[in-house]
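Report on the structure given below.
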2 protein chains.
Amino acid sequence: MGEIEIIHSIRKFNRNYVRSIGLLEKTFLNTGYSLTESHILYIVKEEGKTTATDINKVLHLDEGYLSRIIKKLISNSILIKEKSQADKRVFKISLTEKGIKEQQKLDELSSCSIAGIISHLSQGQQEELAQSFNKIMRLLYGQ
Amino acid sequence: MGEIEIIHSIRKFNRNYVRSIGLLEKTFLNTGYSLTESHILYIVKEEGKTTATDINKVLHLDEGYLSRIIKKLISNSILIKEKSQADKRVFKISLTEKGIKEQQKLDELSSCSIAGIISHLSQGQQEELAQSFNKIMRLLYGQ
DNA sequence: AAAAATACTTGATATAAGCAAGTAATTAGT
DNA sequence: ACTAATTACTTGCTTATATCAAGTATTTTT
């Protein structure tokens, strides 16, 4: 396989996957959260208690944009922030009780939408699919 | 591998890939074309002479939005439209000379950005990567 | 011939994202 | 210890991207 074919395969995948992600975004619209917001909530769940800066080490959003999203999530009682004692520039962010529940709902929605997409595949095909995704993850992102 | 692991793998991939596509979008910003516009031009190149409706069979954009994008591309002399003789509701759309050149530039930019991403991989790893993408394409999109 | 569907357009609006300037706190340089 | 630079976060303003709803013209269905 030459470089041109390799690049062609990846570009073909990208063209198709962009649309899948577009569909995913529409699924999230009904929830009242954007994909980006749901991503932020996922990170806060994973990290437990974190900061805007740490979230942005993953997401690389515009700082002002992130600040506003967090502000909105706080005003909707999904997140709370408390001033860090160690560094008074920093706000520690975490999920409220409501936030935990909302995040779980989003988590389930995401899993269900994936389950739907792979439901027409056999068990063996589903495993092949997962292994392909895992391989790409390792090769591209070292994970 | 159980269903939970399979879904987990795909979701992990998605979280990472969303950002790759975000970066790709930023690359395109400098060109004066959005990823969506470049996608439209790609389809017009592939199809030769096509219609808004046919483009949207692939992209599923809002009709009005697509109409405006096409309008803009026409006013920038990238596309031309001519009324179909067979059906006077329809406009046949195609690339101008300038449009062909611009599309080629976008094509190269896209290929180069992929080449950059895979450049740190060995030839063998690049082939594994392409094969993984191909397998996913077949499983998810039947292509 | 009327009703329904299709192809496309346009006005108004919403959502997502980015830029730039600013405040407050911390760290680095001398 | 004091100034300069950096970091964390915020806010006002703007742009980019996308959607909704209503409308025109044409074609297809009944």
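Order of the sequence lines fixes the chain letters, A, B, ..., with proteins taken first and strands second; residue numbering starts at 1 for each chain. What you see is a predicted model, and the numbers here were worked out from it, not measured in a lab. Computed over heavy atoms, backbone and side chain alike; hydrogens, waters and symmetry mates excluded.
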Kindly indicate whether the side chain of B:Thr51, heavy atoms from C-beta on, has any atom under 4.5 Å from the side chain of B:Lys92.
yes
Donor-acceptor pair, distance only, cut-off 3.5 Å: does the side chain of B:Ser132 make one with the backbone of B:Glu128?
yes
With a 4.0 Å cut-off on heavy atoms, is A:Lys83 in touch with a base, just the backbone sugar-phosphate, or nothing at all?
nothing
How is B:Asp87 classified with respect to the nucleic acid when contacts are heavy atoms under 4.0 Å: base, sugar-phosphate, or nothing?
sugar-phosphate
Checking side-chain contact (heavy atoms from CB on, under 4.5 Å) between A:Ile74 and each of A:Ile69, A:Ile93, A:Thr96, A:Leu79, which is the one that passes?
A:Leu79
Which residue in the set A:Asn14, A:Ile10, A:Asn16 passes side-chain contact (heavy atoms from CB on, under 4.5 Å) when paired with A:Lys12?
A:Asn16
What's the shortest heavy-atom distance between B:Ala130 and A:Met1, and which atoms?
CB-SD, 3.7 Å
Contact summary for A:Lys83 and A:Lys88, nearest pair of heavy atoms
CE-O, 3.1 Å
Side chain to side chain contact (heavy atoms under 4.5 Å, CB included) against [X], all qualifying residues, sequence neighbours excluded:
{"X": "B:Asp107", "value": "A:Arg11, B:Tyr42, B:Lys45, B:Gln103"}
{"X": "A:Gln123", "value": "A:Gln126, A:Glu127, B:Ile6"}
{"X": "A:Asn134", "value": "A:Arg138, B:Ser9"}

List the residues meeting salt bridge (charged side-chain N to carboxylate O under 4.0 Å, His left out) with B:Asp62, not counting sequence neighbours, and say none if there are none.
none
Less than 4.0 Å between a side-chain N and a carboxylate O, is that true for A:Lys105 and A:Glu108?
no
5'-most contact on DNA chain C: A:His60 or B:Gly64, nearest heavy atom basis?
B:Gly64
Closest-nucleotide ordering on DNA chain C, the 5'-leading residue of A:Ala86 and A:Tyr33:
A:Tyr33
For residues 103-138 of chain A, which residue pairs qualify under ring-ring contact (aromatic ring centres under 6.0 Å, His included), counting only residues two or more places apart or in two chains?
A:Phe133-B:Phe13
Considering only residues two or more places apart or on different chains, which pairs with a residue in residues 52-72 of chain B satisfy ring-ring contact (aromatic ring centres under 6.0 Å, His included)?
none
5'-most to 3'-most nt of DNA chain C touching chain B (<4.0 Å, heavy-atom partner on protein side) reads C:dT6 to C:dG18
Where along [range] does a heavy atom fall under 4.0 Å from DNA chain C?
{"range": "residues 66-82 of chain B", "answer": "B:Ser67, B:Arg68, B:Lys71, B:Lys81"}
{"range": "residues 34-44 of chain A", "answer": "A:Ser34, A:Thr36"}
{"range": "residues 46-58 of chain B", "answer": "B:Thr51, B:Ala52, B:Thr53"}

Using the rule that Ile, Leu, Val, Met, Phe, Trp and Tyr join whenever any side-chain heavy atoms are under 4.5 Å apart, tell me whether A:Tyr141 and B:Leu23 fall into a single cluster.
no
At what angle, to 10 degrees, do the two end axes of the helix from C:dA1-D:dT30 to C:dT30-D:dA1 meet, given five pairs define each axis?
30°
With nearest nucleotides of DNA chain D determined for A:Arg89 and B:Gln85 from heavy-atom distances, which residue corresponds to the more 5′ nucleotide?
A:Arg89
Reading DNA chain D 5' to 3', which nucleotide is the first, and which the last, to come under 4.0 Å of any heavy atom in chain B?
D:dT17 to D:dT27
